[in-house]
Structure formats: structure tokens, C-alpha cells
> 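Here it is, the structure, as C-alpha cells.
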Amino acid sequence: MEPLIEIKDVKKLYVMGLEELYALKGVSLDINNNEYVAIMGPSGSGKSTLMNIIGCLDTPSSGEYKLNGKNVNEMEDDELAEIRNKEIGFVFQTFNLLPRINALSNVELPLIYSGKKKDERIELAESALINVGLEDRMNHKPNELSGGQRQRVAIARALVNNPSLILADEPTGNLDTKTGEEIMILFEDLWSKGNTIIIVTHEEEIAQNAHRIIKIRDGLIADDYLSEKGKLIAEKTKQQTISV
Amino acid sequence: MPISEIIKLSLNTLRTNKLRAILTLLGIIIGVFSIIAIMTLLNALQAGIETGLSELGSNTYQVQKFPAIQMGGPGSNAKYRNRPNITYDQAVRLKNIATLYKYMSLEDYVYEKTFKSEFDKTNPNHYLGGVIPEYLECNNRAIETGRFISQTDVNYARNVAVIGMDVVEKLFPNMNPIGKQIILDNHPFEVIGIFEPKGEAFGQSNDNFALIPITAMHKIYGKNERTINIAIQAPSKEEFDASVENIISVLRVIRKVPPGEENNFEIYSNESLIGTVNSFTQYFKYGAGFISFISLLAAGIGIMNIMLVSVTERTKEIGIRKAIGAKSKSILSQFLIEAIILCQIGGLIGIFLGIVTGNLIGLFLQTPIIIPYDWVVIGLVVCSSVGIIFGVYPAYKAAKLNPIDALRYE
Ligand SMILES: Nc1ncnc2c1ncn2[C@@H]1O[C@H](COP(=O)(O)OP(=O)(O)OP(=O)(O)O)[C@@H](O)[C@H]1O
Ligand SMILES: [Mg+2]
């Protein structure tokens with residue numbers, strides 16, 4: 001089976017005046033459909049840069065990125081917009097909510113661009129907010145919400161259009177352990193429904209929820225291994241294939 | 001994405017960015033307002049002058065020693081002053097010899113006079129005219145009560161007077177003045193008629209005068225040292241030019257102007273006066289247009305400023321919208337519609353206020369109501385272009401960025 005994400009020798013160069021900085025120095029990576037991946041690494045190692053490229057928000061300076069077998073570099077602007085809208089749910093490290101509209105309207109936004117009717121939009125947005133435990137904060141604007149609540153609005157917005165690929169940059173960074181765990185249960189659930197999930201995290205515990213852990217250091221992949229959970233699942237599938 | 005959704009989005013952003021929307025609106029309103037108000041007022045003034053002049057009567061023209069409107073430096077006045085007077089005798093000869101006219105009115109005026117009755121006296125801003133019966137036809141005036149000066153009155157130089165409504169109201173309040181005595185410039189006259197009032201134009205009354213037989217005038221002010229105004233009505237529109245030719249040639253003979261020399265009198269008609277006035281206001285219009293354009297430009301820069309200030313915020317917004325799947329086209333239409341709504345609302349308010357203000361001032365000056373359509377269009381186009389260009393151009397640039405670059409824009 002062809003991998004969902006195929007990254008070959010991707011580099012990302014930032015030029016600031018005379019200074020040149022490679023945030024990614026040649027990353028190659030395959031991720032299959034319905035994988036649950038955690039990306040870890042020190043601050044500034046290039047995790048967000050990689051996520052942005054995977055999420056079609058940014059383009060690599062060189063190298064190749066194929067999503068679903070299609071070369072992203074060659075896609076039209078509108079096609080990319082459509083993929084971001086329907087296929088990918090992105091949770092930003094800095095949330096990126098529209099400041100002047102309330103939580104419900106923020107979550108509704110992706111549905112507007114996918115052409116859903118008003119009634120359906122409200123219904124979907126409300127249930128997405130209920131899912132992240134914000135049923136009593138729907139009419140609050142982002143600046144009337146705590147950091148953790150904003151993060152959950154961002155997660156609700158990423159999930160509202162039912163995307164198959166979920167990219168979350170530190171989705172639990174601002175949450176207490178309990179809400180963090182609730183979000184991880186949400187992701188686990190999404191994974192079991194067949195979605196592909198990639199999260200960036202600093203916390204070993206959170207990373208252990210994923211099945212595969214990729215460690216990045218200085219813009220390069222330093223390590224790529226199965227977590228305890230991943231090993232268990234791999235055992236199981238092996239046994240299943242043997243017994244079949 | 002359907003257009004109705006885009007319009008809703010635009011309205012939403014306007015509602016959520018009230019201050020920015022109001023400031024932009026204000027810029028557009030002021031720009032359009034100033035240009036429309038000035039132009040409305042100017043057009044109203046011009047129309048007022050035109051209707052004022054057309055009151056003189058159709059197909060009529062005037063012969064005078066001095067021109068109606070003098071342009072040029074102070075020295076140019078001497079040229080007219082050194083001309084010989086148009087005397088009463090010359091005017092009477094003209095009336096007898098010339099053939100191509102319907103009515104000819106001989107008029108002799110003195111200004112800044114005070115009139116009195118046994119009850120009161122007027123301010124010294126009234127004028128007294130010595131005339132003949134044809135005055136009525138040539139000046140488009142009518143009698144309300146009583147009668148006008150007759151040929152017999154002129155022949156016998158009777159001390160009779162026909163007075164304007166201002167004089168009636170001041171000197172004979174709540175009574176019929178006919179048959180009563182009036183003192184005009186210290187001489188007693190009997191009131192025989194009252195003119196239909198004409199009201200004010202440009203704050204000046206048209207009813208502050210009294211007329212007496214021209215011969216009675218001569219008894220007071222003398223006959224030979226005075227210059228006569230002649231008002232003439234041509235037999236028809238077609239014969240207007242011929243009539244003017246006829247009068248000029250006869251008058252040149254009477255006044256002994258050698259051939260080849262220019263006339264030592266002025267001839268002007270309503271039409272030629274309107275032309276002069278128009279060429280005059282034209283310059284004024286260019287000047288006012290230029291000033292308005294500058295204020296429009298200032299408003300434009302204001303609009304531009306507000307639009308550009310919000311670019312950072314808007315670029316971030318565009319980044320977010322693109323990141324969650326907005327196509328560049330939807331974003332641009334949203335910003336375009338936003339700018340159009342702002343500019344049109346602002347423009348319409350500005351036009352409305354401008355026309356109202358211009359006409360209110362005009363009303364005060366007794367001029368007709370006017371809508372300067374050409375400037376309405378110019379004002380709208382300029383403000384809208386500024387608003388749209390500076391509302392949409394930054395959005396266009398932002399929409400072309402990577403979502404991430406737009407999100408990071410500072
Ligand atoms: N727009 C940019 N211009 C210049 N340098 C950049 C830009 N974005 C990122 N970088 C640099 O690229 C490197 C990688 O940044 P990135 O945001 O991917 O790190 P990260 O691994 O997500 O870190 P963190 O865990 O702190 O979020 C950093 O050194 C950063 O300074
Ligand atoms: Mg990061």
C-alpha cells in the first residue's frame with residue numbers, strides 16, 4: 001500500500017538578511033494511513049516547520065512531498081485550499097483564532113468555506129465544541145477564554161470538518177493533565193475510526209499515547225521507533241495475520 | 001462559495017471592526033460632502049443669477065452709457081465715464097426714428113433715497129425711477145392694484161407715483177395707499193398704483209422702489225445733465241439681431257459717432273449677460289473644483305491610512321482563513337465587497353449631506369434647488385476608487401502569500 005505521506009529529502013531554508021538558516025536539513029519520512037505518530041524534539045529543532053509543510057501551509061525549499069500519491073509542489077492554490085479545508089485538521093501551536101468573533105463562529109469558519117448550509121454549520125460547530133467540553137463557552141471571544149480553552153476551540157475547529165488527517169502542534173501544551181488526557185482520548189477515538197494522527201509534543205507521557213515516535217534534532221530525524229503501545233499493536237496485528 | 005455567504009462575511013467583519021469601518025466611512029463622507037456642497041451651492045448661485053436675469057423680459061435688451069458688468073482694472077472705468085450722456089432728447093429721437101422695435105422704455109434712476117409718508121419713513125436704500133408707460137412691457141412687471149403711469153401723466157409731468165410692496169408695507173401699514181400722499185426725495189406725490197411683489201434674490205429686494213413720470217423726474221433733477229437707460233423689446237425672436245442693428249445705427253447717427261469708431265454706448269441683452277456671468281462663474285468653478293479635489297484627496301489619504309493600518313491584522317486574518325481552507329478568490333471577494341459597501345454607504349451619506357447643506361445655504365440666498373449630478377459621480381468615483389484600491393490591494397497581496405507567511409506577517 002502506498003503511504004499517505006511521502007517526504008523525500010525535504011529542506012527548509014530561512015534567509016534573514018545575510019543570515020541563512022536551515023530549519024530542516026533533509027528530512028525523509030513515510031507515514032501510512034491510520035498511523036498515530038508523535039513528533040518530539042528540543043525547541044527550535046524544526047518540528048513546527050515540518051508540521052506546516054505536512055499540513056500544506058508551507059512549501060519546502062527543496063525535496064519532495066507527496067500527499068496521497070500526489071506531489072504537493074505541483075498542486076494549484078485552490079486545490080491546496082480544498083485539501084486544507086476538507087482533508088486536514090490543523091491545530092496550531094499558537095491557536096490562530098480570529099480575535100473578534102466568538103468560539104462558535106471560529107469553529108464554524110471551515111464549514112463556511114466548504115459550502116455547508118447555516119443550520120448544518122451551527123449544529124456541527126456546536127457538537128464539536130461540546131466534544132472538547134466547551135458547551136458553556138460558545139459565545140465567548142478568544143480573549144475571554146483561558147489558554148487551555150482557546151486550545152480546545154482550536155482543536156474543535158480542526159475537527160469540525162471531519163478531516164482524515166489530523167495535525168496537532170502541541171495540542172496539550174496549555175492544558176492540565178486531566179483535560180490533556182481527555183483530548184488524548186478524543187484523538188485515540190479518532191484514530192480508532194481510521195483517521196491518521198500526527199502530534200508534536202514535549203511530554204513523554206503524551207507521546208506514549210501515539211504508536212510511533214519520531215525524534216527530531218537540528219532539522220534532522222534523529223530517531224524513529226515504535227512506542228510501547230505501538231509495539232503491542234504491532235504484536236496483535238502480527239498474531240492476527242498468523243492466525244488468519 | 002455563494003455570493004450571499006460572502007456578503008454576510010463582509011457585513012460581519014464590518015460589524016466586528018466598527019471603529020475602522022466608521023473612520024473609513026467618515027473619510028469618504030467628508031470627501032464627498034465637501035465637493036458636493038461646494039458644487040451644489042455654486043450651481044444654485046449660477047441658476048439664481050440666470051433666473052434673475054431672465055426676469056428682465058424676453059427678447060429685450062438695454063442701451064446704456066455704462067456696461068452692466070465691468071471687468072478689468074480701475075482705469076477701465078474712465079473710458080465709460082468720459083462718454084457723453086445719453087440724454088433724454090437723444091432717447092426721444094431714437095424712439096421716433098428707429099423702426100425695428102416693439103416697445104421702448106426710457107428710464108432715469110436715482111439711488112439710495114428715503115421715502116416718507118405721514119406715518120413713517122423708509123431706510124435710505126430705495127430707488128426712484130422716472131419712466132414712461134412702456135416700462136411695464138420691457139421690464140416684465142405687473143400692477144397689483146391701481147394703475148400705472150399713463151402717457152397723459154408723462155405729458156403733463158404729473159406728480160403721481162407707483163410704488164413697490166416694500167414701500168407699501170413700511171409707509172402704509174394695513175391700509176390702502178392709493179390716493180395717499182408720499183414724499184419722494186422731499187417732493188410730494190400721489191400714489192396711483194402698487195406693483196406685484198417679486199420678492200428677494202441674493203438677499204436683495206426687488207420691491208424697494210417707486211416710479212414717477214420721467215418728466216416729473218426732470219422737474220426735480222433737471223433734464224440735460226442726466227443719462228437715460230433705454231430698455232427695448234424686439235418685435236420677435238427672429239428679428240432680435242436686426243432690431244439691435246437698427247438701434248445701433250440710428251443711435252450712432254444721433255450721437256454723431258464717426259464711422260469706424262466704436263460705439264460710445266453699451267448694448268446688452270439677457271443672453272449676453274448670462275454668457276458673461278457664466279464665463280465668470282466658470283473660473284470660480286474651476287477654483288472651487290480644485291479646492292474640492294484637494295479635500296477629496298485628503299479624505300482619500302485618510303481612507304488609505306486606515307486601510308493600511310489594519311493590514312497587519314488583516315494579513316493575519318487572511319492567513320487564518322487560508323489555513324482553514326479559504327480560496328484566494330473568496331477572500332478577495334470578501335474584502336472587495338467590504339470596501340464597496342463602505343464606500344457606497346459613505347458616498348451616499350456624503351452626497352445627501354452635501355446636497356442638503358448646499359441647498360440650505362442656497363435657500364438662504366434665495367436660489368433654486370440644484371443637484372450637481374456630474375460632481376456626484378466624480379465624488380463617488382474618486383472615493384470609491386480610493387477605498388476599493390486601498391481596501392483590496394493589501395488583501396490581494398496577502399492572499400497570494402503562503403498561509404504561514406501571512407500568519408507570521410508583522
Ligand atoms: N519564519 C522564520 N524565519 C526565520 N527563521 C525561522 C522562521 N520560522 C522558524 N525559524 C527558525 O527555524 C527553526 C525551527 O523552528 P520551529 O518553529 O520549526 O521549531 P520547533 O521545533 O517547532 O520549536 P518549538 O518546540 O519551540 O515550537 C528555529 O531555529 C527558528 O528560529
Ligand atoms: Mg513549534
Side-chain angles (χ1 to χ4, degrees), chain A residues 12 14 23 48-49 51-60 72 76-102 105-118 121 141-142 154 156-161 163 167 169, chain B residues 1-24 306 309-335 337-338 395-410:
Chain A
K12 181 72 190 179
Y14 288 115
S48 293
T49 308
M51 286 289 262
N52 291 339
I53 289 172
I54 294 174
C56 299
L57 298 170
D58 207 353
T59 44
V72 172
E76 294 286 323
D77 225 36
D78 281 0
E79 204 176 342
L80 285 173
E82 190 126 354
I83 288 176
R84 287 195 293 266
N85 185 244
K86 299 219 168 84
E87 311 291 333
I88 300 174
F90 202 104
V91 183
F92 292 91
Q93 195 171 3
T94 50
F95 318 139
N96 285 331
L97 302 172
L98 285 183
R100 292 179 203 270
I101 57 177
N102 66 23
S105 305
N106 261 294
V107 176
E108 196 192 331
L109 223 47
L111 300 170
I112 293 180
Y113 290 115
S114 61
K116 293 235 165 39
K117 291 258 152 45
K118 182 85 185 165
R121 291 198 313 247
K141 290 189 182 147
R157 185 181 64 185
L159 300 183
V160 73
N161 227 347
L167 304 171
D169 199 345
Chain B
M1 219 171 124
I3 185 84
S4 61
E5 282 297 344
I6 296 177
I7 292 176
K8 265 187 227 155
L9 266 183
S10 310
L11 287 174
N12 251 330
T13 1
L14 289 180
R15 211 173 301 134
T16 47
N17 296 279
K18 276 201 196 71
L19 186 65
R20 190 177 62 84
I22 288 171
L23 286 176
T24 314
I306 295 156
V309 163
S310 57
V311 163
T312 307
E313 191 188 309
R314 313 227 82 186
T315 307
K316 276 217 165 81
E317 179 187 333
I318 290 170
I320 293 173
R321 288 182 187 276
K322 283 199 80 171
I324 57 174
K327 293 180 177 152
S328 305
K329 204 169 48 188
S330 323
I331 289 174
L332 281 179
S333 344
Q334 178 199 329
F335 279 69
I337 289 173
E338 225 183 283
Y396 167 78
K397 273 197 349 196
K400 285 211 308 195
L401 293 175
N402 264 341
I404 278 296
D405 291 332
L407 278 170
R408 282 222 194 86
Y409 185 89
E410 292 296 342

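Proteins come first, then strands; the chains are lettered A, B, ... in the order of their sequence lines, and each starts at number 1. Just so we're clear, the structure is a prediction, and the values are computed from it rather than from any experiment.
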> From the options Lys400(B), Lys329(B), Lys327(B), Lys322(B), select the one residue that forms a salt bridge (Lys or Arg N to Asp or Glu O under 4.0 Å) with Asp77(A).
Lys322(B)

> In terms of side-chain heavy atoms, does Asp58(A) have a donor or acceptor partner in Thr49(A) at a distance below 3.5 Å?
no

> With sequence neighbours excluded, what pairs up with Arg100(A) under the salt bridge (Lys or Arg N to Asp or Glu O under 4.0 Å) test?
Glu313(B)

> With sequence neighbours excluded, what pairs up with Phe335(B) under the ring-ring contact (aromatic ring centres under 6.0 Å, His included) test?
none

> Which bit of Leu80(A) comes within less than 4.5 Å of chain B, counting heavy atoms only: side chain, backbone, both or neither?
neither

> If you count heavy-atom pairs within less than 4.5 Å of chain A, which of Ala406(B), Ala323(B), Ser328(B) leads?
Ala323(B)

> Could you tell me which portion of Thr59(A) (side chain, backbone, both or neither) has an atom closer than 4.5 angstrom to a non-hydrogen atom of chain B?
both

> Go through Lys8(B), Arg15(B), Arg321(B) and name the one with the most non-hydrogen pairs under 4.5 angstrom from chain A.
Arg321(B)

